[in-house]
Amino acid sequence: MDFLGQLNPRQREAVEHTEGPLLILAGAGSGKTRVITYRIAHLIRNNHVPPSRLLAVTFTNKAAEEMRDRVAILLGGGSSPAPDGTLSLPWVSTFHSFAVRLLRREGGGLEALRQGFTARFSIYDEADQVAVLKAVYRQLGLDEKFLPYRSAAARISHAKNQGIAPEHYYGRSTNPQDEKLAVIYEQYEAALRRANALDFDDLLLEAVRLLRHDEQARARAVDRFHYLMVDEYQDTNRVQYDLVRLLTEPRRNLCVVGDEDQSIYGWRGADIRNILDFERDYPGATLIRLEQNYRSTKNILDAAGQVVSHNLERKGKELWTTAGPGSKILLYRGEDAENEALFIAACIEKHLRQNPSERAAVLYRTNFQSRQIEEALRRYGRSYLLVGGLSFYQRAEVKDLLAYLKAAVSPQDSYSLLRIINTPARGIGKSTVELIARHTGETGLSLWASLEDLLARGSLAARSHAALAGFQSLMKDLRAHLGSGPLHQALVWLLDTTGYRKMLEQEGTIESQGRLENIDELVNAAADAGARGETVEEFLDHAALVADTDDLDEAAQVTLLTLHMAKGLEFSLVIMAGMEEGLFPHSRSADTASGLEEERRLCYVGMTRAQKQLVLTLARSRRRFGGGELEPGRPSRFLREVPARLLEEVSPFGVQLEEGVDLYTERHEVQEIARHHTFTGKTYNSVENIAEFFAARGIPTPAAAARRTAAEAPARAQVTPIRGPTPKAAGGFRAGARVHHPKYGTGTVLRKEGEGDDAKLTVSFPYHGIKKLIQKYATLRQE
DNA sequence: TTCGGGGCATTTTTT
DNA sequence: ATGCCCCGAA
């Protein structure tokens, strides 16, 4: 098959340019993934480069998976199978999982480089970081009033991403807060080191360190990868830049693909200069612009292009298309957020009725905006997929079990140990933990070693001694189980022995029911991992590096998500909500020129997601917080940057259902429809997704390909399971009643506790699961 | 040690 | 309006 014939001239040029540095500026919708995958296929098939000599790096597992699948399909027939008969494929991975594999593999080098580190390090996510920072704050006598943990974590992360060490941070601090933060930073680093843990930033930093200081390790890496490709290059930070540099010197067969106009992660440390200065950093680099857009209508492209042309920090690209102008961009201004939301729902309804096979998305700047839009969609009985919220691996019960495993695998991992030392409650309370922590501080031992030391001394009160001794033998037994049998059996044993399962069962609530299902799913995932031959460590790595958005269901007809999460996706109809000053551009970004430019790029990203129809909406006034005042808003400056000739203002009656009912009188009828509507599509965080979170991503399977095809099939119906205690009948919202909640929509009352205003209701909502509500506070309506 | 009530802040978040 | 953190009572 001559796959090069399927490319346009520019794309083909990019694919065939294989030697030396290459920068591909790929505008939105210009076939970027196509170019990367074809380029890989070209190198392998036509230039006979062994697949193992190629490395492609992406930012998300999802992108990596997609790329792998597409390369596999391209190579499908003719590439050379490996001796064992499997298809040999290049290494496609995220920056982070690449770093982890490198560090685990080159563990010896790492240990030599860094005192006290072992290749068995734990990976700490944001929740773990906060736990570490809490301890550091306490040690320094600070509290969150100084700086919220999350902000401190963000600032430390930012410093790390720029390669600024704590001492350096201290040196350049100009105010007392920064000085203190430098100390926090230093203590945080020390705490991680003691715990033999690396945070996400460290994974990259340590990989860079290793390659810099361990000549042999670098030689091995450079020798292995002759061709490197980096996707979304505009989102790389300084450390990723260094990593790429180390991997490509001196061969310099580096191909980076990106779009400076889609750089929207500056606040996370991404450095737009990496892409702007590529030609300077890699002299002799070839620059190829992909400007033909295959996604959107001309009107949409022109509008987006006009907006982003107001930016100065760009190389400049002009997207063009052979498509026709298409519809104008609709602009709607509602009285308030509720009215805006109703318009959005009506607009989606109209579009999908006319185009039943198409997909629509509502994009917004901040997550709280989804609430009213959800409510409006529910009124129309329209199912949707809300992207955001807690992912599976971030859930408390899953994190607990993983913490048991981490603590067992790495005795130094004090923060994982801390998490589960008294979960379920086993009589090791706050004061006992503090006692051990103090001992840790005095001796410099890890929490676990300190615990053992205290037990050996026998100086503890009988009660705590017994509790701690019990815990000690529990962990020893867990280690033994992990060493002797399959992982999932160890987990089952753990759940029984600790009484974790019992704890949830005894709770007897609907929430606990869900948690039980989650832990069962984790056990299944462990069994699958075991069947694939994964070790505990690999299982834990996988769990740490998998992200929730990886499983974004593309089959959903209506998707609600933030502008940030929309990058890389496309929808027939795109509605951008909340086009108001202060909201978008967001007030916190509006005071610097670079912040404003990033907001503008975000606007560009949002607009270019639309294939056929783009709709911009705003509200004349909206409430800032729940109970706040209605505050008037001003239209976003981005609206003015769209040429007026491309815009069409629509009244609330401009977009209507065919029946001719208007938005205001219609509500009650619509509610009636909604009541009978069956929700379809799987919930973003539903249990059935969990297995997929842990599914192997290494080798594309027929099942994976089938799943892709199946994405076009209608989503299966989901029935919210109702289990748990038998509902008691009572007045008002009694069990079994259908109620409506402003945020969660329509749900079923499962249980009622107490009477009158103080009654507590347990309600099951599709998409949101089980919520406990106080009748007095929750604005519930009887359906 | 553990549970429940009142105070407080609430942008975005690839790994 | 809500979620989460800390403090006081059982």
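Just so we're on the same page: letters track the sequence lines, and every chain starts at 1.
Summarising the geometry, the separation between CG on Leu545(A) and P on dT14(B) is reported as 13 Å, rounded to the nearest angstrom. In this structure, Met503(A) places its CE atom 12 Å from P of dT2(B), rounding to the nearest Å. Distance Ile428(A) CD1 to dT1(B) P: 10 Å, rounded to the nearest Å. Gln240(A) has its CD atom 14 Å from the P atom of dT14(B), to the nearest Å. We find that CG of Leu468(A) is positioned 14 Å from C1' of dT1(B), with the value rounded to whole Å. With rounding to whole Å, Leu203(A) atom CG is found 16 Å from dT14(B) atom P. Rounded to an integer number of Å, the gap from CG of Asn161(A) to P of dT13(B) is 17 Å. In this structure, Leu563(A) places its CG atom 14 Å from P of dT14(B), rounding to the nearest Å.
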So which protein nitrogen or oxygen atoms get under 3.5 Å of nucleotides 8-12 of chain B's nitrogens or oxygens?
{"from": "dT11(B)", "atom 1": "OP1", "to": "Arg588(A)", "atom 2": "NH2", "distance (Å)": "3.0"}
{"from": "dT11(B)", "atom 1": "O4'", "to": "His586(A)", "atom 2": "NE2", "distance (Å)": "3.2"}
{"from": "dT12(B)", "atom 1": "OP1", "to": "Asn367(A)", "atom 2": "N", "distance (Å)": "3.0"}
{"from": "dT12(B)", "atom 1": "OP1", "to": "Asn367(A)", "atom 2": "ND2", "distance (Å)": "3.4"}
{"from": "dT12(B)", "atom 1": "O4'", "to": "Arg365(A)", "atom 2": "NH2", "distance (Å)": "3.2"}
{"from": "dT12(B)", "atom 1": "O2", "to": "Arg365(A)", "atom 2": "NH2", "distance (Å)": "2.1"}

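For Arg268(A), the listed nucleotide lying nearest its side chain is dT14(B); candidates were dT2(B), dT14(B), dA1(C).
Judged as a salt bridge (charged side-chain N to carboxylate O under 4.0 Å, His left out), the pairs with a partner in residues 578-588 of chain A (not counting sequence neighbours) are, in order, Glu580(A)-Arg622(A), Glu581(A)-Arg637(A). Residue pairs meeting the salt bridge (charged side-chain N to carboxylate O under 4.0 Å, His left out) criterion with at least one member in residues 419-431 of chain A, sequence neighbours excluded, are Asp400(A)-Arg419(A).
By the ring pair (Phe, Tyr, Trp, His ring centres under 6.0 Å) test, Tyr188(A) pairs with no residue at all, sequence neighbours left out. With sequence neighbours left out, Tyr604(A) forms a ring pair (Phe, Tyr, Trp, His ring centres under 6.0 Å) with no residue at all. Remark: His564(A) pairs with Tyr265(A), Trp267(A) by the ring pair (Phe, Tyr, Trp, His ring centres under 6.0 Å) rule, at least two apart or across chains.
OP1 or OP2 of dT2(B) lies within a sub-4.0 Å distance of a side-chain N or O belonging to Asn422(A). Within the 4.0 Å cut-off from OP1 or OP2 of dT1(B), at least one side-chain nitrogen or oxygen of Thr432(A) is found.
Heavy atoms of Lys430(A) sit under 4.0 angstrom from primed sugar atoms or phosphate atoms, though from no base atom. The residue Thr58(A) sits apart from the nucleic acid: no heavy atom pair falls under 4.0 Å. Using a 4.0 Å heavy-atom distance criterion, Glu126(A) is classed as a base contact.
Between Glu260(A) and Arg601(A) there is no salt bridge, since no side-chain nitrogen of the basic residue lies less than 4.0 Å from a carboxylate oxygen of the acidic one.
Side-chain contact of Asp201(A) with Ser157(A): a donor-acceptor pair under 3.5 Å is present, judged by distance alone.
When each of Arg463(A) and Ala544(A) is assigned the nucleotide of DNA chain B with its nearest heavy atom, Arg463(A) is the one assigned upstream, toward the 5' end.
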